[in-house]
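Here is the structure we will look at, set down as structure tokens.
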Amino acid sequence: MKIKSRTKVKEALTTGKLDREITVKGWVRTRRGNKNIAFIALNDGSTINNIQIVADVPDFPEDLLRQVTTGASIAVTGVLAPSQGKGQNVEIRAQSIELYGAADPLIYPLQKKGHSLEFLREIAHLRPRTNTFGAILRLRHAMSYAIHKYFNDNGFYYLHTPIITGSDAEGAGEMFRVTTLDMTNPPKTPDGKIDFGKDFFGRETNLTVSGQLEGELGALALSEVYTFGPTFRAENSNTPRHLAEFWMIEPEMAFYDITDNMDLAEDFLKYIVVYVLEHCEDDLEFLNNMYDKELLQRLNQVISTDFVRTTYTEAIDILNSSGVKFEFPTHWGSDLQSEHERYIVEKHYKKPVMITDYPKKIKAFYMKQNDDGKTVRALDVLFPRIGEIVGGSQREEDLQKLENRISELNIPREELWWYLDTRRFGTAPHAGFGLGFERMMLFITGMSNIRDVIPFPRSPNNAAF
RNA sequence: UCCUCCUUAGCUCAGUUGGUUAGAGCACCUGACUGUUAAUCAGGGGGUCCUAGGUUCAAGUCCUAGAGGGGGAGCCA
């Protein structure tokens, strides 16, 4: 499909078919020049690179060029020609310029100078027009596509798990309530509680915190499935690594054990990195130069090394014999804190680490219990700079063991009858994990705040745009 | 939620031991320049010093509270 009479900037810059008349459309990044000649840097989002428009000022109405300022949207028709100046190979000699929309330079917030990421967060409606967010959004798309392609090519089916859930048993975090009840005067039960039986679904409902449980239902029928959708956590987390609304990828595979799970996680993560290195060179180079001089080096290192595979118990031993004084002392049974994870990944191994076999006390009910009676087949993948990027496990497929664990943790069993049915009928070994999409974005882009790798971030006290 | 730092022009920031009319760079406006590269050069306009109290002869500067933001921690992906 081709839009008649419009050439994308990316194509114009790379086509090699010179001395032909083309039309480009986009937004002005800068305009400079004098009363005889004007240079306009035009960008349409198809690439981080701008195309240079050259206009002989006397050929155009004075009023028109005056309005061609940073942020304005224009269409330019002219001849694509080798550039006379340095800095670009080709340029367009403008024959006609049409102004779609001016951007009053007195009040347009974006300037041709750099802006702080904090300032850009306040104008999230305009920040896609910056080099940085153009690069990030193109990478976000490329990664999404790579994820679907990877799973499709490997025989996985994309399963759409529900956004609205009646299950409160997953335990992955605080949930957002979904209701149509009148909040100023909700119906009450005889004992004074809110009567959710009168709510839209006839029960309490929330936004999903994970598609995993439903993912398991799919895996125990289609063998390999994955979800890729929005996920909601109402935790009051104020960190550069947490969002209230984020996207999560959750593959779930029948007949996989914990080792298969690790093999998949490593292969999958490397595939995404290879994909963006091959398809997003310009954007990555820009981010490498502007934000993180070691970005490309780190990405290349990840794909050329085997991830370390170790156990929780070994990790504790490493920490205890490290000689490092941690703020939180480590002992077998305590959860690994950020400082511990960082030491393991960044100081001890200096590469991605997969840790398995955590104490069952600190992990979720559905994880497969090991024969030692103390640990479960959990899997955390830790990345340098990011920390935990993947959390998963082999799942407990034994009905009796699963029910026992549910009882021990006082989880309401009746809400999980459908989940337990999978163990009752044709149960099978299976495993899966969750990848935080924006965490992966942080790693790929070198950005340091998760609010800068999603177009419109939602976090405590912030749902603007 | 806890700890900590920050908030001065449209943006990024300086502002000394509290002391006259609060500064710079960029942006913007005007002018100059026949090919620029975040163009350059000259000139100009632009301020609720986050808000509310307080201390003081005097507060951008010190104190208290609040709001917003950054970083760290917890929760996790």
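Labels below follow one simple rule: chain letters A, B, ... track the order of the sequence lines, proteins then strands, and each chain is numbered from 1. Just the heavy atoms: all of them, side chains too, but no hydrogens, waters or symmetry mates, feed the values below.
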- Passes ring pair (Phe, Tyr, Trp, His ring centres under 6.0 Å), A:Phe456 versus A:His125? Steps please. CA-CA 8 Å; A:Phe456 306 104; A:His125 58 307; 9.0 Å; no

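- At a threshold of 4.0 angstrom between heavy atoms, the contacts of A:Ile389 are confined to the sugar-phosphate backbone, with no base atom among them.
- With B:rU36, B:rA77, B:rC76 as the choices, the nucleotide that has an atom nearest any side-chain atom of A:Asp335 turns out to be B:rC76.
- Comparing the P positions of B:rU48 and B:rA42 gives an interatomic distance of 28 Å, to the nearest angstrom.
- Between A:Asp380 atom CG and B:rC76 atom C1' the separation is 10 Å, expressed in whole Å.
- Following rounding to the nearest Å, A:Lys363 (NZ) and B:rC75 (C1') show an atom-to-atom distance of 12 Å.
- Across B:rU12, B:rC76, B:rA27, the shortest atom-to-atom separation from the side chain of A:Ser116 is found for B:rU12.
- Here, B:rA22 and B:rU8 have their C1' atoms 8 Å apart, quoted to the whole Å.
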- For RNA chain B, the expected dot-bracket line (Watson-Crick or G-U under 3.5 Å, [ ] crossing, | inter-strand) is (((((((..((((.....[...)))).(((((.......))))).....(((((..]....))))))))))))....

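- A donor-acceptor pair shorter than 3.5 Å cannot be found between the side chains of A:Arg233 and A:Thr231.
- Remark: ring of A:Phe437 does not overlap the six-membered base ring of B:rA77 in a stacked fashion, as centroids less than 5.5 Å apart with planes less than 30° apart are not both met.
- We find that A:Glu346 and A:Lys350 are not joined by a salt bridge, their nearest charged nitrogen and carboxylate oxygen being 4.0 Å or further apart.
- No hydrogens or angles considered: nothing links the side chains of A:Glu11 and A:Thr15 as a donor-acceptor pair under 3.5 Å.
- Atom name C1', nucleotides B:rG45 and B:rA38: the rounded distance is 23 Å, in whole Å.
- Rounded to whole Å, the separation between the C1' atoms of B:rU51 and B:rA59 comes to 16 Å.
- A:Phe151 pairs with exactly one of A:Tyr158, A:Tyr271, A:Phe268, A:Tyr145 by the ring-ring contact (aromatic ring centres under 6.0 Å, His included) rule, that one being A:Phe268.
- Projected onto RNA chain B by closest heavy-atom contact, A:Lys35 and A:Pro105 fall at different nucleotides, the more 5' of which corresponds to A:Pro105.
- The nearest whole Å value for the distance from the CZ atom in A:Phe119 to the P atom in B:rA27 is 15 Å.
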Report, one line per pair, each donor and acceptor closer than 3.5 Å where one atom sits in a side chain of residues 244-251 of chain A; sequence neighbours left out.
| unit_1 | atom_1 | unit_2 | atom_2 | d |
| --- | --- | --- | --- | --- |
| A:Glu250 | OE1 | A:Gly211 | N | 2.7 |
| A:Glu250 | OE2 | A:Ser210 | OG | 2.9 |

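- For the pair A:Arg32 CZ and B:rC28 P, the computed distance is 13 Å after rounding to whole Å.
- At the heavy-atom level, A:Glu91 lies under 4.0 Å from base atoms of the strands shown.
- Atom pair A:Leu120:CG and B:rG10:C1' shows a separation of 13 Å (rounding to whole Å applied).
- B:rG43 sits 36 Å from B:rA58 when the C1' atoms are compared, rounded to a whole Å.
- Nearest heavy atoms, A:Asn462 versus A:Pro457: ND2-O, 3.5 Å.
- Each of B:rC75, B:rA77, B:rC11 was ranked by its minimum atom distance to the side chain of A:His242; first place goes to B:rC75.
- A:Tyr419 and A:Glu216 share a side-chain donor-acceptor pair at under 3.5 Å.
- For B:rU1, the base has no donor-acceptor partner in the side chain of A:Glu235 [N/O atoms by modelled type, under 3.5 angstrom].
- When the P atom is compared between B:rG10 and B:rC50, the two are found 13 Å apart, to the nearest whole Å.
- Rounded to whole Å, the separation between the C1' atoms of B:rC62 and B:rG23 comes to 22 Å.
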Just the table, please: protein N/O against nucleotides 66-73 of chain B N/O, every pair under 3.5 Å.
| unit_1 | atom_1 | unit_2 | atom_2 | d |
| --- | --- | --- | --- | --- |
| B:rG70 | OP1 | A:Arg121 | NH1 | 2.6 |
| B:rG71 | OP2 | A:Asn449 | ND2 | 3.3 |
| B:rA73 | OP1 | A:Arg342 | NH1 | 2.9 |
| B:rA73 | OP1 | A:Arg342 | NH2 | 3.3 |
| B:rA73 | N6 | A:Asn238 | O | 3.3 |

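- Computed from coordinates, the A:Leu106 CG to B:rA9 C1' distance equals 14 Å when rounded to whole Å.
- A salt bridge is defined here as a Lys NZ or Arg NE, NH1 or NH2 lying under 4.0 Å from an Asp or Glu carboxylate O, and A:Arg309 with A:Asp263 meets this definition.
- The nucleotide whose nearest atom lies closest to any side-chain atom of A:Gln111 is, among B:rG10, B:rC76, B:rC28, B:rG10.
- Between A:Asn34 and B:rG35, a side-chain N or O to OP1/OP2 separation shorter than 4.0 Å is present.
- You'll find the ring centres of A:Phe437 and A:Phe228 inside the 6.0 Å limit.
- A:Phe39 comes within 4.0 angstrom of a nucleotide base, judged by non-hydrogen atoms across all strands.
- Atom C1' of B:rA24 sits at a distance of 44 Å from the matching atom of B:rC75, rounded to the whole Å.
- Between the base of B:rA38 and the side chain of A:Arg29 there is no donor-acceptor pair shorter than 3.5 Å.
- Using a 4.0 Å heavy-atom criterion, one finds that A:Gly33 contacts the bases of the nucleic acid, with or without backbone contacts as well.
- In summary, the aromatic rings of A:Tyr343 and A:Phe326 are positioned with their centroids under 6.0 Å apart.
- Here A:Thr231 lies out of heavy-atom contact (under 4.0 Å) with every strand.
- Between the OH atom of A:Tyr108 and the P atom of B:rG10 there is a distance of 18 Å, given to the nearest Å.
- Using a cut-off of 4.0 Å between Lys/Arg side-chain N and Asp/Glu carboxylate O, A:Glu438 and A:Arg140 are scored as salt-bridged.
- Between A:Lys112 atom NZ and B:rC28 atom P there is a gap of 5 Å when expressed in whole angstrom units.
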